[in-house]
Amino acid sequence: MEDQARLMSGLVGLSGLSQGDMGDHDALRKHHNLGQPQQDIGDILQQIMAITDESLDEAQARKHALNCHRMKPALFSVLCEIKEKTVLSIRGIQDEDPPDPQIMRLDNMLLAEGVSGPEKGAASAAAAAVAAAAGGSPNEGSIEHSDYRAKLAQIRQIFHSELEKYEQACSEFTNHVMNLLREQSRTRPISPKEIERMVGIIHRKFSSIQMQLKQSTCEAVMILRSRFLDARRKRRNFNKQATEVLNEYFYSHLANPYPSEEAKEELAKKCAITVSQVSNWFGNKRIRYKKNIGKFQEEANLYAMKTAVDAASVSSQASQANSPGTPNSGGYPAPCYTPDGRL
DNA sequence: TACGATGATTGATC
DNA sequence: GATCAATCATCGTA
């Protein structure tokens, strides 16, 4: 009896079971209703313990003999059952993880941005959204669009290639561990359920690595988006004709350089820009003119002359038609925009 | 590459 | 909500 207790405590180390699990010999008997159980089990345990003192070849031979022992499957089954009732039942509660909300968010975002999921549709939709949000002209939009799409495709390609690498590594490692555990399950109480659980643990570890990849991909997409959405970075100077139209209006309305909403719309149409761009332009122009009238004097004279020539032309045409002509703003007003902003 | 010009943004004011 | 004033970020040029 004392020997058996010693053997049992030795087996604890081999099987991973606690002393308590192994203490109840009656349990073994109860489970399997063996004819001469204690004697057989004692033999097996004795042999197991003796393995450690033997050479590798001897141990291999003995291992083989043990594997072929008629009682081995029964003992193995009992050990697996006891182990599952203890170790696995404790872990089991923790292992049932709900889907990670963070990884779900990342997945949704990558899908929406067209990085994961079907290649063409989503990516171009996202690019179109960016182009629309940027509010550029159709041509500019298409340039930005293709640029954005190219960079997004680059991110997408890197993401998928990394993902593939992770999946391959995960699969290789899982197979390796499974083979190892299957091999070990010949001598250790490792049940298929436990192998399955181990596979789950490996997958969770790899999915946490994948989450990091998804996170950095999302960051890259965000940076890309902000780069294309930030209007300041998209600033283009207005073309010469648009600037002339705006300047003409400004200098011919110098006494009151505040275009009405209708005038802004008209100017926006003429210059092929938006009403808010017209407002920005006049806001900037008023301030910059006010700050440095001297600097703008030459420009003011130039447009004054231009307006005068236009007016003269209209006037001569009008006199030919024998009717008085008036410039639409009552002629070019002398610069009277005082530095304090009052007229 | 430095620097001025210029379109856009932001916070304050009316 | 429109405008002012300051500032930012980019463009164009010497």
Side-chain angles (χ1 to χ4, degrees), chain A residues 113 126-155 216 218-307 310 327-343:
Chain A
E113 293 297 335
V130 167
S137 66
N139 282 341
E140 281 174 341
S142 65
I143 292 164
E144 298 296 344
H145 184 129
S146 63
D147 207 9
Y148 176 83
R149 201 165 46 184
K151 295 211 184 301
L152 195 65
Q154 215 175 337
I155 291 174
S216 46
C218 280
E219 279 169 19
V221 172
M222 284 291 101
I223 290 166
L224 187 68
R225 275 183 79 89
S226 71
R227 227 185 102 194
F228 279 84
L229 284 171
D230 189 347
R232 282 181 179 178
R233 292 179 190 276
K234 272 175 55 63
R235 189 179 76 75
R236 295 278 183 280
N237 289 351
F238 297 156
N239 63 40
K240 212 171 179 180
Q241 194 208 335
T243 313
E244 272 189 23
V245 170
L246 294 167
N247 272 318
E248 267 177 43
Y249 187 97
F250 181 80
Y251 287 111
S252 64
H253 295 78
L254 208 47
N256 184 33
Y258 296 88
S260 65
E261 205 55 38
E262 290 76 24
K264 279 182 192 172
E265 280 172 20
E266 184 68 28
L267 287 167
K269 204 183 279 183
K270 273 189 190 172
C271 302
I273 56 177
T274 65
V275 172
S276 64
Q277 281 178 306
V278 173
S279 299
N280 284 339
W281 189 91
F282 273 88
N284 285 325
K285 190 73 181 181
R286 280 191 296 265
I287 288 168
R288 285 164 186 165
Y289 180 82
K290 193 178 85 173
K291 272 187 176 173
N292 198 347
I293 291 177
K295 195 180 109 188
F296 285 96
Q297 196 59 55
E298 199 179 328
E299 191 179 64
N301 291 338
L302 196 75
Y303 281 99
M305 207 163 359
K306 200 166 184 283
T307 309
D310 289 348
N328 59 358
S329 63
Y332 177 74
C336 55
Y337 199 56
T338 59
D340 66 354
R342 302 295 114 210
L343 300 173

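Residue numbers begin at 1 in each chain, while the letters A, B, ... track the order of the sequences. Note that the structure is predicted; figures quoted are calculated from it, not measured. Computation of the quantities below employed the complete heavy-atom set of this structure, encompassing side-chain atoms and omitting hydrogens, waters and symmetry-equivalent molecules.
Remark: Glu265(A) pairs with no residue by the salt bridge (charged side-chain N to carboxylate O under 4.0 Å, His left out) rule, at least two apart or across chains. Applying the salt bridge (charged side-chain N to carboxylate O under 4.0 Å, His left out) test to Glu299(A) and every residue at least two apart in sequence or in another chain returns Lys285(A). Applying the side-chain contact (heavy atoms from CB on, under 4.5 Å) criterion to Lys295(A), with sequence neighbours excluded, gives Asn292(A). Judged as a side-chain contact (heavy atoms from CB on, under 4.5 Å), and not counting sequence neighbours, Ser216(A) has no contacts.
In this structure, the ring of Tyr249(A) has its center less than 6.0 angstrom from the ring center of Phe282(A).
Remark: Lys291(A) is in phosphate contact with dA6(C), judged by side-chain N or O atoms under 4.0 Å from OP1 or OP2.
Along DNA chain C, the nucleotide closest to Asn284(A) and the one closest to Glu261(A) are compared, and the more 5′ of them pairs with Glu261(A).
Spacing between atom CZ of Phe282(A) and atom P of dA8(B) amounts to 14 Å, rounded to whole angstrom units. One atom, CZ of Phe250(A), and another, C1' of dG7(B), lie 16 Å apart when rounded to the nearest Å. The CD-P distance, from Gln277(A) to dA8(B), rounds to 4 Å in whole Å. Remark: P of dG12(C) and NZ of Lys240(A) are 13 Å apart, rounded to the nearest angstrom. Summarising the geometry, the separation between OH on Tyr289(A) and C1' on dA5(C) is reported as 19 Å, rounded to the nearest angstrom. Atom-to-atom, CD1 of Ile287(A) to P of dA2(C) comes out at 16 Å; the value is rounded to the nearest Å.
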Could you pull out the protein-nucleic contacts involving nucleotides 2-6 of chain B (nitrogen or oxygen on both sides, under 3.5 Å)?
{"unit_1": "dA5(B)", "atom_1": "OP2", "unit_2": "Lys295(A)", "atom_2": "NZ", "d": "3.4"}
{"unit_1": "dT6(B)", "atom_1": "O2", "unit_2": "Arg235(A)", "atom_2": "NE", "d": "3.4"}
{"unit_1": "dT6(B)", "atom_1": "O2", "unit_2": "Arg235(A)", "atom_2": "NH1", "d": "3.2"}
{"unit_1": "dT6(B)", "atom_1": "O2", "unit_2": "Arg235(A)", "atom_2": "NH2", "d": "3.1"}

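Among residues at least two apart or in separate chains, salt bridge (Lys or Arg N to Asp or Glu O under 4.0 Å) pairs with a member in residues 247-256 of chain A are Glu248(A)-Lys306(A).
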